[in-house]
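Notes for the one structure printed next.
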Amino acid sequence: MANAEGTSGAGDFISDAIGHDIDGGVYKGRVQTRFPPEPNGYLHIGHAKAITVDFGTAEKFGGVCNVRLDDTNPVAENPEFVQSILDDIAWLGYEPAAVLHASGYFEQLYQWARYLIEQGLAYVDDQDNETISAQRGGYGRPGVESPFRDRSVEENLDLFTRMRAGEFPDGSRVLRAKIDMASDNMVLRDPVMYRIRHAEHHQTGMQWPIYPTYDWAHGQSDAIEGVTHSLCTLEFDTHRPLYDWYLNHLPLPTEKPRQIEFARLELTYTITSKRRLARLVRDGIVDGWDDPRMPTLRGLRRRGYPAKAVRDFCAYLGTTRTNARHNIEELESFVRRELNTTSRRRMVVTRPLHLVIDNWPTDENGSPVVEYFPLTNNPENPDEGTRLAAFTGDLFIEQEDFAETPPPKFFRLAPGREVRLRGAYLVTATGVVKDENGQVVEVHATYDPATRGGDAPDGRKVKSTMHWVSVPHAVDLDVALYDRLFTTPNPGESTGEPLDDLNPDSRELLSAKGEAAITDVEPGQVVQFERLGYFAADPDRPGLFHRTVGLRDEWAALQRKAAKGARAAKRA
RNA sequence: UGGGGUAUGGGGUAAUUGGCAGCCCUACGGAUUCUGGUUCCGUCAGUCCAGGUUCGAGUCCUGGUACCCCAGCCA
């Protein structure tokens, strides 16, 4: 079976192709890939897929993978993005064999362009953007050849030299490859190789007034670096003939790299358009690129997603050519799986309700007794030991854990009902105190001293074990709950504009109460708030926790179903 | 409109290249449990459509359909 180790992709089509190359002696058995981001923004979950494919493939065949910053368009790029990209790759757990820049090849590219001109395969076009665009033709309609298409080699060389010398203003001329204006493939209709931009480049400064386009730079950069398999996303498959055309017409010092395309990763309830993510930031809809609701790698990191969960998720999806929007629930299940085994447990009450134990004893001085109970840090890993939690007769419990008139299948605390306070005692609710609106503000209860530690000597069972925090020992916390950023699985499906489907209630801030041991959580660390979910301590603000993801919640599911049933009954 | 790409349960992904359609997630049952968590066991459900070749088709052939990408001096 292909999935013997539980990881998909052992036999994916890219590995098959590379396997054939190796068997056929192509590239002398060498495998080299690259991850080539443009430093014009922050990396997002979609890039994580590309990164795992690029690095993972190299790793699988004992090859190398470089990062190459595809910095051919200086007006969109800056060094801050370069740094963030490198940081995010490192966070994901990958180490590039080298960090390279397409801008490092500008001189070689320039010389190769002169070579193509000399071969009569490239020409300088004096027309403006709009004219060239109009002449390109349309689907099913051939383009029109530029009047400058048949300039002499000498004139082209002279003009190109002067373009490079900075003699012409932006947009006044371009260098084009002379291929076929009637090609069915629009990419082949005399593509632009160089455009004039008198702009400062973050790597090369003002050295160059002309910049290569993606198509002209990419394959050649691959060849220069010795890339064997240039893995990219599906939208570039119509570019492959051009990628090959350039490589075939150049005197390459190395074997020709091979481009292979795969499907990009998209997730439900979010977007990966850099432009629109930038708008969320600019319009203040989120706090920044690292807002825990953002699908950026920085956002996921702040949210508490473990890098391993992201990597495992990508590996699990496999590498295919089928476009798919994957359910974000699948990613979340990887996050839970990882966090369940790695995160410590803590008790935090997010919507506090007072629970007063009326028969709680006082000591010889008349003050209430304080008891300390050991609680397991991580039931999945007993080596992590226990911590002590203070217990008194004055407690916080979760509002949701008490019902004055319990609905069907409600197992938690209710008048006359006995439950366990985790690791401490069994308690029975005896009554409530309400405010002027009839809201329960305090629950009264009695405890059974014989159940110290949480077990009844007579063997009687309770249906629920609840978390609690001692009021005099409680630590104040800010907790941010997150919902999906968008209200629909496929944002923009109905209107064409994803931002129309923004969820206005994607964040809820709560003032919570935590046990004392909550203060030993490190910045950025993720812990499980027992019975609630996984929460990440904010890296910068002590006392602030972001909900990474909730626990699976059968009770909530039951309630949803009941509500749905009630609605259906109402309609009928 | 021309070209390119892709279709397997509700979602995703396999099938030794023509040989019993498997796995994961979800949903739904049940067991265990001091987290309505975890773990364990089980259940439902699929080859885009119509023809054809073949003892045998997810796989090959013919014809359709649906979705994605391409007319930037973005990548």
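Computed from heavy atoms alone, side chains included, the values below leave out hydrogens, waters and symmetry copies. Below, read A as the first sequence line, B as the second, and so on, with proteins coming before strands; counting in each chain starts at 1.
Y214(A) contributes no side-chain N or O that forms a donor-acceptor pair with the base of C74(B) under 3.5 Å. At a cut-off of 3.5 angstrom, counting only N and O atoms as typed in the model, there is a donor on one side and an acceptor on the other between the side-chain of R412(A) and the base of G36(B). If you check distances only, the side chain of E330(A) does reach the base of G11(B) with a donor-acceptor pair under 3.5 Å. For E380(A) against G37(B), a side-chain N or O and a base N or O form a donor-acceptor pair under 3.5 Å. Counting distance only, with no hydrogens placed and no angle test, the side-chain atoms of R552(A) and the base atoms of U38(B) include no donor-acceptor pair under 3.5 Å.
Across all strands, N73(A) comes closer than 4.0 Å only to sugar-phosphate atoms, never to a base (heavy-atom distances). Residue contacts shown for P241(A) are absent, as no nucleic acid heavy atom lies under 4.0 Å away.
Figure legend: R240(A) and Y243(A) shown without cation-pi pairing, the cationic atom not lying both under 6.0 angstrom from the six-membered ring centre and within 45 degrees of its axis. Geometric assessment of R484(A) against the ring of Y269(A) yields a positive cation-pi assignment under the 6.0 Å and 45° thresholds.
Rounded to a whole Å, the CG atom of D553(A) is 11 Å from the C1' atom of U35(B).
Classified by its glycosidic torsion, G72(B) falls in the syn category, the angle being within 90° of 0. Glycosidic conformation of U13(B): anti, with the torsion beyond 90° of 0.
Listed nucleotides: C28(B), A75(B), U35(B). Nearest to the side chain of T72(A): A75(B).
Between F160(A) and Y110(A), the distance from one ring center to the other falls under 6.0 angstrom.
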